[in-house]
Amino acid sequence: MSTPPGTNYWDYIRVEDLLSLQGGYERDERKLGNDEVMFIVVHQVYELWFKLILRELTTARDLFMKEPVPDVELAAAARSFRRVVTIFQQAVNHFQVMETMTTRDYLEFRDQLIPASGFQSAQLREIEILLGLDDDRRVPLGKESSYKQALKMGQGEPAPALDRVEARLAGGPPLKEVLYRWLSRTPVDGPSDPKVVRRFLEKFIASMRDEVARRVEIAVEKALTPADVERLRERYETEVRNAASFLLAEDDPSADEETREKRQAIRAGLVFIESYRELPRLAWPREILDAVIDMEQSMLIWRQRHARMVERVIGRRMGTGGSAGVDYLDQTALRYRIFSDIWAVRTVLLRKPVVPPIAHAEDYGFRVED
Ligand code: HEM
Ligand SMILES: N[C@@H](CC(=O)c1ccccc1NC=O)C(=O)O
């Protein structure tokens, strides 16, 4: 067997190749100013981070596709999610490098970029697809009929960005789907059975009602006027009604019975893991949920931060990709929620002393698998 060629830093890291990629459209770096080379480098650095993020998400998605998901592998998935978070948090700071470029400096070369734009970053779209962003949540881009249209080039030329996105769409279920399936199998104080799930949810909602009654009492004690107490009572009651409708999955009247049962199981799983997180077997699932929220939060912050950088550099003019610019970007930061149920469950959680006691705590001890 032949040994690998002598390993040099440059052979392994491919430094020469890497440093030859900043020539812009004309492939000639000497024709570019420092601002434009910086603009290209920052984008390239982002694309490299996106590449790593896609690898971690794919690994984690593959893990959650297993049925059952082995408990012993949850720590590795949590590590993948944490790496994604760290990368987004670091990457967000790269926008500061962009901000060293003034509006006038950028306008020097901006027009040559039309119609190119971040809309054509296939890897960001791949991240969204792999996570499980629903298409009906997408904000319309502006001129193109769909986000895929923006990934094509002029007249029927090959479109590697579109190929990537199509391959990702065909490359298996999104993380959200398999993570929610895993959550729906959570044994909630008994076997995962729709009746057990429903009983658990009803007990939980009953505790919520007691909490509201207690809060109204506090309001009365604090000597609020009867009109204020009434207003508060109404608000609390609406809150409980909404919480109950979320937990029992009655918030979408168009869903059939089977879909509702599945959603109830997911939401019950979420509430269960969050409420009894001290039980040893729930510790890692709870860590997973926290890491997923962290990941989505870091991505939302990335979108927000990009929008502020854009506003600082080009103001509120329209984008080279044809969108409204900052307005479009701000909308995506508000609307692009993937793991909505994991966020929503925060609104319904209870204080520890009033969480209904569970009957089978002994089933949630550490299990040693061989
Ligand atoms: C001066 C620097 C930048 C400006 C002025 C800018 C501006 C914009 C604008 C206006 C859009 C909306 C699309 C359009 O109509 O053009 C956009 C989208 C986008 N930009 Fe930038 N951008 C800059 C740097 C970056 C960097 C460094 C990245 C890193 C990858 C990036 C990634 C993206 C992505 C992924 C989108 C699509 C967002 C979506 O559709 O959700 N941009 N950018
Ligand atoms: N959309 C930006 C242009 C821009 O930022 C851009 C252009 C070409 C390749 C990548 C880009 N980056 C992100 O949008 C603008 O409207 O100025």
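Atoms within a ligand are numbered from 1 in the order they appear, just like the ligands themselves. Owing to the predicted nature of the structure, the values given are computational and were not obtained by experimental measurement.
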- Between Arg214 and Glu211, is there a side-chain N and carboxylate O pair less than 4.0 Å apart? yes

- Near Gly321 (heavy-atom distance under 4.0 Å), the atoms of ligand 1 are 14 (C), 15 (O), 16 (O)

- Cation-pi check, Arg305 onto Phe95 ring (under 6.0 Å, within 45° of axis): no

- Message: Taking 4.0 Å as the limit for heavy-atom contacts, which would you say applies to Thr320 with ligand 1: side chain only, backbone only, both, or neither?
- Response: both

- With a 4.0 Å heavy-atom cut-off (strictly under), which part of Tyr147 contacts ligand 1: side chain, backbone, both or neither? neither

- Say whether Arg125, considering both its backbone and side-chain N or O atoms, lies within less than 3.5 Å of an N or O atom on ligand 1. yes

- Please state whether Arg110 comes within less than 4.0 angstrom of ligand 1, counting heavy atoms only. no

- Item | Tyr328 neighbourhood, listing ligand 1 atoms whose heavy-atom distance to it stays under 4.0 Å | 39 (C), 40 (O), 41 (O)

- Message: Checking a contact table here: which protein heavy atom is nearest atom 26 (C) of ligand 1, and how many Å away?
- Response: His43 NE2, 3.2 Å

- Is it true that atom CD of Glu237 has more than 12 heavy atoms of other residues, nucleotides or ligands lying nearer than 6.0 Å? yes

- Which atoms of ligand 1 sit under 4.0 Å from any heavy atom of Arg303? 41 (O)

- Task: Verify side chain to side chain donor-acceptor pair (under 3.5 Å) between Thr259 and Asp256, making sure each step is shown before the conclusion.
- Result: CA-CA 5 Å; Thr259 311; Asp256 58 28; 2.5 Å; yes

- Task: Give a yes/no verdict on whether any heavy atom in Met309 is under 4.0 Å from an atom of ligand 1.
- Result: yes

Quick check on ligand 2: any N or O pairs to the protein under 3.5 Å? One line per pair.
{"unit_1": "ligand 2", "atom_1": "1 (N)", "unit_2": "Thr320", "atom_2": "OG1", "d": "3.0"}
{"unit_1": "ligand 2", "atom_1": "12 (N)", "unit_2": "His43", "atom_2": "NE2", "d": "2.6"}
{"unit_1": "ligand 2", "atom_1": "14 (O)", "unit_2": "Gly118", "atom_2": "N", "d": "2.9"}
{"unit_1": "ligand 2", "atom_1": "16 (O)", "unit_2": "Arg110", "atom_2": "NH2", "d": "2.7"}
{"unit_1": "ligand 2", "atom_1": "16 (O)", "unit_2": "Thr320", "atom_2": "N", "d": "2.8"}
{"unit_1": "ligand 2", "atom_1": "16 (O)", "unit_2": "Thr320", "atom_2": "OG1", "d": "3.4"}
{"unit_1": "ligand 2", "atom_1": "17 (O)", "unit_2": "Tyr106", "atom_2": "OH", "d": "2.5"}
{"unit_1": "ligand 2", "atom_1": "17 (O)", "unit_2": "Arg110", "atom_2": "NE", "d": "2.6"}
{"unit_1": "ligand 2", "atom_1": "17 (O)", "unit_2": "Arg110", "atom_2": "NH2", "d": "3.4"}

- Measure from NZ or CZ of Arg303 to the centre of the six-membered ring of Tyr336 and say whether it is under 6.0 Å with the direction within 45° of the ring axis. no

- Which word best sums up how the rings of Phe88 and Phe50 line up, parallel for under 30°, tilted for 30 to 60°, or perpendicular for over 60°? tilted

- Query: Are Arg199 and Asp193 within salt-bridge range, i.e. N to O under 4.0 Å?
  - Reply: no

- Mind checking whether Arg316 contacts ligand 1 via backbone (N, CA, C, O), side chain (CB onward), both or neither, at a 4.0 Å heavy-atom cut-off? neither

- Query: Tally of protein N/O/S atoms under 2.8 Å from atom 21 (Fe) of ligand 1?
  - Reply: 1

- Message: Given 3.5 Å as the limit, does a donor-acceptor pair link the side chain of Tyr364 with the main chain of Asp189, or not?
- Response: yes

- Message: Tell me whether Glu239 is salt-bridged to Arg235, with the criterion being a basic N under 4.0 Å from an acidic carboxylate O.
- Response: no

- Task: Answer with side chain, backbone, both or neither: which part of Met318 has a heavy atom less than 4.0 angstrom from an atom of ligand 1?
- Result: neither

- Message: I'd like to know whether CZ of Arg82 has more than 12 heavy-atom contacts from other residues, nucleotides or ligands below 6.0 angstrom.
- Response: yes

- Looking at Arg308 and Glu311, does any basic side-chain N land under 4.0 Å from a carboxylate oxygen? yes

- Query: Taking it one step at a time, do Trp343 and Glu296 satisfy side chain to side chain donor-acceptor pair (under 3.5 Å)?
  - Reply: CA-CA 10 Å; Trp343 289 94; Glu296 178 135 51; 3.2 Å; yes

- Any idea which atoms of ligand 1 are less than 4.0 Å away from a heavy-atom of Phe39? 1 (C), 2 (C)

- Task: Using atom types as modelled and distance alone, determine if a side-chain donor or acceptor of Arg137 lies under 3.5 Å from a backbone N or O of Arg335.
- Result: yes

- Message: Below the 3.5 angstrom mark, is there an N/O of Ser323, backbone or side chain, next to an N/O of ligand 1?
- Response: yes

- Over 60° means perpendicular and under 30° means parallel, so classify the ring planes of His43 and Phe39, tilted if in between. tilted

- If you count the atoms of ligand 1 from 1 in the order shown, which ones are under 4.0 Å from a heavy atom of Tyr46? 27 (C), 29 (C), 30 (C)

- Message: Are any of the N/O atoms on Glu47, whether in the backbone or the side chain, positioned under 3.5 angstrom from an N/O atom of ligand 1?
- Response: no

- State plainly whether the residues Arg263 and Asp251 are in salt-bridge range, i.e. N to O under 4.0 Å. no

